[in-house]
Colleague: 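Before anything else, here's the structure in question.
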Amino acid sequence: MGKGAALLGIILLIVGLLPILATFLVGIVDLSMILGYFDQGIYSISLAGYVFTEVMLALVGIGVLLLIIGAVT
């Protein structure tokens with residue numbers, strides 16, 4: 001169970017940081033269709049020069065929690 005939670009946490013971290021990774025993958029992969037779903041217009045905060053939306057913050061937060069829970073158990 002712990003390995004599965006840790007793996008799910010890593011996957012959620014990657015998906016949560018996908019809009020930031022998309023800026024580096026501009027010439028390789030076109031993610032413009034997917035990135036529209038990350039900004040719902042409810043809440044956003046600027047951290048380290050990048051805009052984190054509510055979906056990104058939720059995915060990263062849940063991913064970190066699952067990664068810690070998976071590492072502990």
Colleague: Any idea which heavy atoms bring Gly70 and Ala5 closest together, and the distance?
Modeller: CA-CB, 4.0 Å
Colleague: Do Ile14 and Phe24 share a hydrophobic cluster, counting only Ile, Leu, Val, Met, Phe, Trp and Tyr and linking them when any side-chain heavy atoms are less than 4.5 Å apart?
Modeller: yes
Colleague: Following the transitive rule for hydrophobic clusters with a side-chain heavy-atom cut-off under 4.5 Å over Ile, Leu, Val, Met, Phe, Trp and Tyr, establish whether Leu13 and Leu21 coincide in one cluster.
Modeller: no
Colleague: Name every donor-acceptor pair, under 3.5 Å, that has one atom in a side chain of residues 40-69 and the other anywhere in the protein, sequence neighbours excluded.
Modeller:
unit_1, atom_1, unit_2, atom_2, d
Gln40, NE2, Tyr37, O, 2.6
Thr53, OG1, Phe38, O, 2.6
Glu54, OE1, Tyr43, N, 3.0
Glu54, OE2, Gln40, N, 3.0

Colleague: Ile11 and Met1: same hydrophobic cluster, using ILVMFWY side-chain contacts below 4.5 Å?
Modeller: no
Colleague: Group every Ile, Leu, Val, Met, Phe, Trp and Tyr by side-chain heavy-atom contacts under 4.5 Å, then state whether Leu12 and Val72 land in the same group.
Modeller: yes
